[in-house]
Amino acid sequence: MADKVKILVICGPTASGKTSSSIRLAKQLNGEVVSADSMQIYAGLSVGTARPDTSEMDGVVHHLMGFLEPEQTFSVADYVELASNTIQQIAERGHVPILVGGTGLYISSLLDGVRFSPAKPLSQERMLLQKELDEKGIIPLYEELKSIDPQYAATLHPNNHVRVLRALELYRQTGKTMTEQRNESLPKEKPYNACIVCLCPKDRQILYERIEMRVDQMMEMGLLEEAKKVYLNRESYHTVAQAIGYKEFFPYFEGKMALSDCVQSLKQATRNYAKRQLTWFRRMPDVLWLDPQETVESIVLEYWKSKDFEKE
RNA sequence: GGUGCCGUAGCCAAGCGGUAAGGCAACGGUCUGCAAAACCGUUAUGCACCAGUUCAAAUCUGGUCGGCACCU
């Protein structure tokens, strides 16, 4: 068995201080940052996605940030492939790969080594299913899923149209059920020796205060202009138009809501999002939880050194 | 001082004699190709307070307190 690559993972909800900590750690470990953020991958839009600028990066190499045009689509499967390759290259260079981000699905999938179905979803198939849904409602579709894959259907609520449709799409296209796909997708062994740290204030209230402060900062940095650009291109900016930080301003651009109310709803949406992010991190195994008020860098460095995967 | 309206969960709010809708927030969770998305679960032995009428009161009556509006 070949030695697995040892990587450092810094995850955590939004506004928990991942970016600055990871940059300091990268300098001390001779590392390179690999972003695990579903929105920072897009070009432009740096304010709303809190992407660090060159001076903040302080010479540390960052990967998978701002490399995709907002018109393009992307998925977890693309992410796992790209990130795996990037990590491999960093390791070959003799540097430490540092995975940093808040997109739980991306991080989990990468660390578990999920092998997604080789068949790419076809847009016609999806449109057909959407049409069926519009015409007949969810019940017949959910029933269909129940008959082909009762096990997976049992875990889904019929209201979750997105997943019901996706499971049917997978089956119609490949003849494989979601249960089969899931069973085949996990390798016997995880692909990395991951040293996982989750940054999060112990007091939820403090997290929420940090979020509000950060939104105010973004406003000063020109978030509104960025949002305007997204608004004007909302038809073609498929994924970005649903990012938190832009869609909240759409009612303002349409003259339906005061700017200050939009800022409030942006703060609210971000708080809700942070809470959802935590459900991902809480269920990942072997996570070192740290409050950003602690001396994060020194604790992480010690933890990193203490993790001797060879002897396991 | 007088008259009228109002007081239901952290917030908004329905109910107007038959055993507390709903929304938001909060908290917990799901997640295998758009995931900053989508979805699920939990949350008032109690309706300002006291007394009364009634088999039964958040709902009716009287009083007390608090708020709002108008009048003097």
Side-chain angles (χ1 to χ4, degrees), chain A residues 13-15 35-42 45 47-51 68 70-82 101-123 125-127 130 133 138 142 149 152 154-167 169-171 173-174 176-187 204-205 207-208 211 214-215 218 223 227 230 236-248 261 264-284:
Chain A
T14 187
S35 171
D37 187 299
S38 64
M39 294 299 164
Q40 283 185 354
I41 59 174
Y42 288 102
L45 322 170
V47 177
T49 63
R51 208 169 68 216
L68 246 200
E71 290 84 0
Q72 295 183 271
T73 55
F74 195 72
S75 75
V76 217
D78 299 319
Y79 178 77
V80 170
E81 189 187 337
L82 276 176
T103 303
L105 175 67
Y106 286 11
I107 298 171
S108 282
S109 301
L110 179 72
L111 297 184
D112 287 344
V114 173
R115 291 182 292 245
F116 291 91
S117 164
K120 288 200 171 184
L122 301 170
S123 57
E125 199 68 60
R126 195 164 284 189
M127 278 162 64
Q130 187 59 48
L133 173 66
I138 192 65
Y142 185 72
D149 189 356
Y152 186 63
T155 69
L156 284 187
H157 192 284
N159 283 355
N160 204 339
H161 299 182
V162 176
R163 295 235 179 77
V164 174
L165 256 49
R166 171 57 193 152
E169 175 190 73
L170 178 75
Y171 182 72
Q173 206 182 315
T174 67
K176 218 181 262 183
T177 65
M178 192 56 90
T179 299
E180 287 167 344
Q181 158 59 22
R182 288 173 61 125
N183 288 340
E184 293 167 10
S185 68
L186 291 178
R204 182 70 59 85
Q205 215 44 49
L207 208 215
Y208 290 169
I211 285 170
R214 166 121 105 185
V215 169
M218 285 179 174
L223 180 61
V230 173
S236 57
Y237 285 17
H238 212 62
T239 306
V240 171
Q242 51 177 252
I244 295 170
Y246 305 124
K247 62 176 183 293
E248 287 76 16
D261 289 341
Q264 280 310 113
S265 79
L266 167 54
K267 287 176 177 174
Q268 183 59 255
T270 311
R271 274 186 256 135
N272 293 159
Y273 169 54
K275 190 171 170 296
R276 249 176 292 134
Q277 284 179 295
L278 286 168
T279 68
W280 279 102
F281 309 136
R282 278 197 281 247
R283 69 186 207 148
M284 296 198 306

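Per chain, numbering begins at 1; letters A, B, ... match sequence-line order.
- In summary, K176(A) and E184(A) engage in a salt bridge, as defined by a charged side-chain N under 4.0 Å from a carboxylate O.
- When distances run from any side-chain atom of Y208(A) to the nucleotides rC34(B), rU32(B), rA26(B), the shortest one goes to rA26(B).
- N272(A) comes within contact range of the sugar-phosphate backbone alone, with a heavy-atom separation under 4.0 Å but no base atom that close.
- Among the atoms of the strands shown, base atoms are found under 4.0 Å from some heavy atom of P118(A).
- Put simply, R282(A) has a side-chain N or O that comes within less than 4.0 Å of OP1 or OP2 on rG29(B).
- Residue-level contact check: T73(A) touches neither bases nor backbone, having no heavy atom under 4.0 Å from any strand.
- Nucleic acid contact class of Y106(A) (heavy atoms, under 4.0 Å, all strands): sugar-phosphate only.
- If you take atom C1' in rA69(B) and the same atom in rU61(B), they sit 25 Å apart, rounded to whole Å.
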Could you summarise the pairing of RNA chain B as dot-bracket text, marking Watson-Crick and G-U pairs under 3.5 Å with ( ) or [ ] inside the strand and | across strands?
((((((((.[[[..)..(...]]].(((((.......))))).....[[[[[..)....]]]]]))))))).
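- Note on F74(A): only backbone sugar-phosphate atoms sit closer than 4.0 angstrom, heavy atoms only; bases stay farther off.
- Classified by interplanar angle (parallel below 30°, tilted 30° to 60°, perpendicular above 60°), the ring pair Y106(A)/Y79(A) is parallel.
- If you check every strand for non-hydrogen atoms under 4.0 Å, L186(A) touches a base.
- Side chain R163(A) to base rA37(B): a donor-acceptor pair is found below 3.5 Å.
- Considering only side-chain N and O atoms, N159(A) lies under 4.0 angstrom from the phosphate OP1 or OP2 of rC40(B).
- Contacts of A269(A) with the nucleic acid, taken as non-hydrogen atoms under 4.0 Å apart, are absent.
- Atom name C1', nucleotides rA26(B) and rG62(B): the rounded distance is 40 Å, in whole Å.
- Across all strands shown, Y152(A) has heavy atoms under 4.0 Å from sugar-phosphate atoms exclusively, and none from any base.
- Across all strands shown, V114(A) has heavy atoms under 4.0 Å from base atoms, whether or not it also approaches the sugar-phosphate.
- Within 4.0 Å (heavy atoms only), H157(A) reaches sugar-phosphate atoms of the nucleic acid but no base atom.
- Close to rA26(B), at under 4.0 Å from its OP1 or OP2, lies a side-chain N or O of Q268(A).
- Nucleotides rC34(B) and rU42(B) are separated by 28 Å at their P atoms, to the nearest Å.
- Contacts of T49(A) with the nucleic acid, taken as non-hydrogen atoms under 4.0 Å apart, include base atoms.
- A donor N or O paired with an acceptor N or O is not found under 3.5 Å between the base of rU32(B) and the side-chain atoms of S109(A).
- Distances shown here put a side-chain N or O of R204(A) below 4.0 Å from the OP1 or OP2 atom of rG28(B).
- The phosphate of rG29(B) has neither OP1 nor OP2 within less than 4.0 Å of any side-chain N or O from K275(A).
- Candidate nucleotides rA35(B), rU32(B), rC39(B) were compared by shortest atom distance to the side chain of R276(A), and rC39(B) ranks first.
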